[in-house]
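Structure first, commentary second.
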Protein chains: 2
Amino acid sequence: MKKKINIKTLAAELNLSVATISKAFKDSHEISKATKERVLAMASTLNYTPNPYASSLRKRKSNTIAVILPEVADNFFSLAINGIQAVAEKKGYHVLIYLSHEKFDIEKTIVDDCNSGRVDGVLISITKETKTAEHIQKLQDENIPVVFFDREFEGFKTARVVTNDYECGYLAAKHLIEKGCKKPAFFSISSSLPICIKRADGFKAGLIESGLYSHKKDPIVYFTDFNQEETFNQIKKLVTGKDRPDGVVASVEKLAVILYLVCHEKNIKIPEEIKVIAFSTVDTAPIFNPSLSTITQSAFEIGKAASEILFKGIEKKNYDITNEYVVIPSTFFERKSSQQTSASKEKKIK
Amino acid sequence: MKKKINIKTLAAELNLSVATISKAFKDSHEISKATKERVLAMASTLNYTPNPYASSLRKRKSNTIAVILPEVADNFFSLAINGIQAVAEKKGYHVLIYLSHEKFDIEKTIVDDCNSGRVDGVLISITKETKTAEHIQKLQDENIPVVFFDREFEGFKTARVVTNDYECGYLAAKHLIEKGCKKPAFFSISSSLPICIKRADGFKAGLIESGLYSHKKDPIVYFTDFNQEETFNQIKKLVTGKDRPDGVVASVEKLAVILYLVCHEKNIKIPEEIKVIAFSTVDTAPIFNPSLSTITQSAFEIGKAASEILFKGIEKKNYDITNEYVVIPSTFFERKSSQQTSASKEKKIK
DNA sequence: TTTATTTACGAAACCGTTTTCGGCATTGTT
DNA sequence: AACAATGCCGAAAACGGTTTCGTAAATAAA
């Protein structure tokens with residue numbers, strides 16, 4: 001067990017004070033060029049690396065940010081992490097990843113921990129269960145900048161980076177209707193998540209505008225449990241039952257995939273019998289059977305933008321980021337799953 | 001700007017010494033039950049959270065691990081992160097994520113930084129460029145446990161968690177041949193990454209065993225640049241040229257996806273004209289057009305196993321993990337993309 | 001009653017940096 | 001020659017916990 005070398009041993013080795021070493025490392029003007037070189041040289045031969053925790057303690061600065069996600073199963077968050085990492089790396093920051101697993105309790109525990117000086121800022125996408133922002137307020141109270149990305153908490157004043165969910169929901173509805181759908185449905189995973197509400201509201205607005213909205217039959221279908229099999233059966237029932245939808249907008253990728261599986265099993269033709277559009281960042285959509293029309297969020301850009309705002313808040317200490325509100329529009333990729341078919345064409349002509 | 005409360009203010013508030021507070025928090029037997037309760041109560045009303053860096057500095061323990069990945073674009077690493085996080089969370093550890101972007105220089109910088117006491121252990125999947133393990137050796141020298149997962153560095157003594165690459169490559173080759181392929185090819189992304197070499201070697205062994213291996217025409221095709229378009233053209237050329245393969249094993253998901261795109265564009269029928277098997281963890285493989293046969297790594301389990309070994313190394317200080325070698329077998333999902341077709345059947349019969 | 005033991009707590013050193021402040025040369029200014 | 005300015009460096013006090021060691025009081029053992 002060889003002795004850990006620190007700034008003191010370096011100082012002793014060079015017959016300098018620790019203060020000098022420390023200053024030499026940050027290229028202070030107080031230190032002569034010659035001395036700096038000596039220090040650097042010795043540091044490299046001794047394999048010295050400054051202890052980040054001592055430094056953080058003294059400077060009250062961690063050079064670390066936290067990213068709190070509901071889960072990383074989805075491709076969206078993978079891409080977002082890339083975007084975040086890209087700018088963190090450039091700034092010389094470290095990034096801690098936390099998973100809340102869609103549980104509010106876990107989210108709260110994580111957020112509270114972030115309040116300890118461990119991080120200089122936090123990026124968060126809230127869980128489906130999150131109904132209050134008190135825990136996040138506490139972060140703000142301690143002057144730790146927070147920015148929501150993708151999944152925000154409404155009615156709470158913080159920086160946010162989201163996509164144009166309402167417009168996309170609207171666009172999806174109009175598109176399906178234009179392609180001949182009479183009874184489109186919206187598959188949602190939450191009745192409280194703003195991201196889902198907005199998409200659903202936009203969708204509903206499209207229906208209303210086209211005179212296809214009926215209060216008796218809510219076009220929004222909720223899939224709130226996490227069990228894949230359960231969801232599969234639920235969709236199967238819906239899609240094979242009477243009054244089944246002839247078009248579906250899936251609020252998340254997973255629901256579209258399960259819908260595809262059901263249709264394959266039940267031999268229901270997409271898009272002839274049912275048209276599908278999904279909110280999704282999956283890059284394999286073009287090779288689905290049939291290729292899947294997607295509303296694709298710029299996940300990387302969202303992550304990037306969010307962290308850029310965060311760093312503004314971190315670096316400019318008396319700069320208020322809580323008014324920052326960035327909307328990064330998604331793009332619609334029209335593919336076969338929502339194509340007009342001869343069957344629907346005829347109906348339209350009739 | 002309200003004053004940050006620390007253990008000292010807590011002590012003052014309660015007329016106790018800081019030592020007592022500190023001990024109360026770790027439920028020391030030296031502290032009476034009554035005092036502990038007073039401390040906890042006051043801590044909660046004052047919203048006190050101990051400073052982790054002060055603690056880490058003194059204890060020489062960070063309760064943090066590093067995960068170094070080449071990239072997180074692939075679904076594999078998303079799942080692996082989940083597995084890692086699952087056990088880290090249980091142990092009360094924090095996880096830092098680093099991306100090397102397949103660059104050795106970046107990897108080295110990251111690894112060197114990990115040598116500062118910032119982390120108690122590191123999980124790493126090396127880059128394609130990594131040809132030496134000196135930087136990792138330095139970690140070991142400082143008694144920081146390291147475990148390779150998925151992408152290991154061969155000939156270096158550390159804990160490793162991998163999958164049965166050779167066997168899978170062999171199996172894939174045999175499967176294609178059995179289904180009627182006469183000229184199968186293997187799409188690789190690296191000629192040095194053990195993971196690719198092993199898969200390719202297994203593949204080659206399958207060919208040799210079936211008498212289909214020819215030295216004149218190496219069945220291993222390399223795609224070493226990162227440009228999607230470039231790769232697309234390369235594959236297009238290969239697949240439309242003369243002497244094109246009638247079967248492909250893709251060493252990574254991305255190559256299979258691009259191959260699909262090429263085939264769709266060029267109207268080449270899968271599996272009739274070319275059969276495809278991919279090493280992939282993508283969960284949408286069943287709904288590809290056609291559904292994709294995959295050799296699926298248990299990414300979550302690999303991450304989980306790797307971090308469990310790592311924590312063994314962290315917790316039992318004089319326990320040598322460098323001999324740990326876990327192989328988590330992948331599972332083969334046979335789907336339509338590698339199905340025997342009437343065309344190939346006839347050939348076989350002839 | 002005396003002595004040993006246990007219980008409950010405090011004083012102070014320590015972890016490895018950063019930062020303030022002060023001081024001694026050396027150089028520049030009148 | 002006297003003084004100010006500058007360049008270069010060191011001593012020491014933080015930062016906020018943890019840990020060792022000591023000790024007074026309370027209890028148990030003799």
Side-chain angles (χ1 to χ4, degrees), chain A residues 1 3-40 42-43 46-64 92 113 115-120 142-143, chain B residues 1-40 42-43 46-64 113 115-120 142-143:
Chain A
M1 188 70 162
K3 201 174 152 289
K4 183 74 196 164
I5 74 119
N6 55 21
I7 206 173
K8 216 169 291 178
T9 64
L10 245 193
E13 204 72 30
L14 289 166
N15 269 322
L16 289 171
S17 75
V18 292
T20 303
I21 311 286
S22 177
K23 288 173 194 167
F25 270 114
K26 37 191 48 57
D27 204 22
S28 161
H29 65 272
E30 290 185 22
I31 306 299
S32 75
K33 197 145 170 31
T35 308
K36 280 177 190 167
E37 279 164 5
R38 279 184 52 205
V39 171
L40 269 304
M42 182 60 75
L46 289 191
N47 244 316
Y48 166 72
T49 15
N51 182 308
Y53 295 137
S55 171
S56 289
L57 175 58
R58 178 62 230 244
K59 292 201 293 187
R60 301 164 153 285
K61 185 120 194 344
S62 66
N63 280 284
T64 304
D113 179 90
N115 222 333
S116 61
R118 186 186 297 281
V119 296
D120 298 336
E142 300 286 347
N143 267 320
Chain B
M1 188 70 162
K2 67 184 195 185
K3 202 175 151 290
K4 183 72 197 167
I5 73 117
N6 55 22
I7 205 173
K8 216 168 290 178
T9 64
L10 243 192
E13 203 73 28
L14 290 166
N15 269 323
L16 289 171
S17 76
V18 292
T20 303
I21 311 285
S22 176
K23 288 173 192 164
F25 269 113
K26 34 191 49 59
D27 204 25
S28 163
H29 60 87
E30 290 185 21
I31 306 299
S32 75
K33 197 147 168 34
T35 309
K36 280 176 190 168
E37 280 163 5
R38 277 192 3 161
V39 172
L40 269 304
M42 183 59 76
L46 289 190
N47 244 317
Y48 167 71
T49 15
N51 182 308
Y53 295 138
S55 170
S56 289
L57 175 58
R58 177 62 229 243
K59 292 201 294 188
R60 302 164 154 285
K61 185 120 191 348
S62 66
N63 280 284
T64 304
D113 179 90
N115 222 334
S116 61
R118 187 186 295 282
V119 296
D120 298 337
E142 300 288 347
N143 267 320

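Here is the naming used below: chain letters follow the sequence lines, and residue numbers restart at 1 for every chain.
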Short question: side chain of [X], backbone of [Y] - any donor-acceptor pair under 3.5 Å?
{"X": "B:N6", "Y": "B:T9", "answer": "yes"}
{"X": "B:R118", "Y": "B:D113", "answer": "no"}
{"X": "B:S56", "Y": "B:P52", "answer": "yes"}
{"X": "B:Y48", "Y": "B:L10", "answer": "no"}

(request) For B:K59 and for B:S32, locate the closest nucleotide of DNA chain C by heavy-atom distance; then report the residue assigned to the nucleotide nearer the 5' terminus. (result) B:S32

(message) Pick the closest DNA chain C nucleotide for A:L57 and for A:E30 by heavy atoms, then say which residue is nearer the 5' end.
(response)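 Nearest nucleotide further toward 5': that of A:L57.
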
OP1 or OP2 of [N] sitting under 4.0 Å from any side-chain N/O of [X]?
{"X": "B:T20", "N": "C:dG10", "result": "yes"}
{"X": "A:S55", "N": "C:dT17", "result": "no"}
{"X": "A:S56", "N": "C:dT17", "result": "no"}
{"X": "B:N51", "N": "D:dG16", "result": "no"}
{"X": "B:K23", "N": "D:dT18", "result": "no"}
{"X": "B:R60", "N": "D:dT18", "result": "no"}

Rounded distance in Å - [atom1] ([X]) to [atom2] ([N]):
{"X": "A:F25", "N": "C:dT17", "atom1": "CZ", "atom2": "C1'", "answer": "12 Å"}
{"X": "A:N63", "N": "C:dT18", "atom1": "CG", "atom2": "C1'", "answer": "14 Å"}
{"X": "A:K61", "N": "D:dA14", "atom1": "NZ", "atom2": "P", "answer": "23 Å"}
{"X": "A:Y53", "N": "D:dT18", "atom1": "OH", "atom2": "P", "answer": "15 Å"}
{"X": "B:K36", "N": "C:dC9", "atom1": "NZ", "atom2": "C1'", "answer": "13 Å"}
{"X": "B:N6", "N": "D:dA14", "atom1": "CG", "atom2": "C1'", "answer": "12 Å"}
{"X": "A:K8", "N": "D:dG10", "atom1": "NZ", "atom2": "P", "answer": "15 Å"}
{"X": "A:R38", "N": "D:dC8", "atom1": "CZ", "atom2": "P", "answer": "14 Å"}

What's [X] touching, base or sugar-phosphate or nothing? Going by heavy atoms closer than 4.0 Å.
{"X": "A:Y48", "answer": "sugar-phosphate"}
{"X": "B:L16", "answer": "sugar-phosphate"}
{"X": "A:S22", "answer": "base"}

(request) Among the candidates D:dG10, C:dT17, D:dC21, find the nucleotide nearest to the side-chain atoms of A:I7. (result) C:dT17

(message) So if I take every side-chain heavy atom of A:I31 and compare against C:dA12, D:dG17, D:dC9, which nucleotide ends up nearest?
(response)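 Output: D:dC9.
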
Test for a donor-acceptor pair under 3.5 Å between the base of [N] and the side chain of [X], counting only N and O atoms.
{"X": "A:K33", "N": "D:dG7", "value": "no"}
{"X": "A:K4", "N": "C:dG16", "value": "no"}
{"X": "A:R58", "N": "C:dT18", "value": "yes"}

(message) Would you say that more than 12 heavy atoms from the other residues, nucleotides or ligands in this model lie under 6.0 Å from the NZ of A:K61, or not?
(response) yes

(message) Let's go through B:S62 and B:D120 carefully: what are the C-alpha distance in whole Å and the side-chain angles of both, what is the deciding distance for side-chain hydrogen bond (donor to acceptor under 3.5 Å, both in side chains) to 0.1 Å, and is it a yes or a no?
(response) CA-CA 6 Å; B:S62 66; B:D120 298 337; 2.9 Å; yes

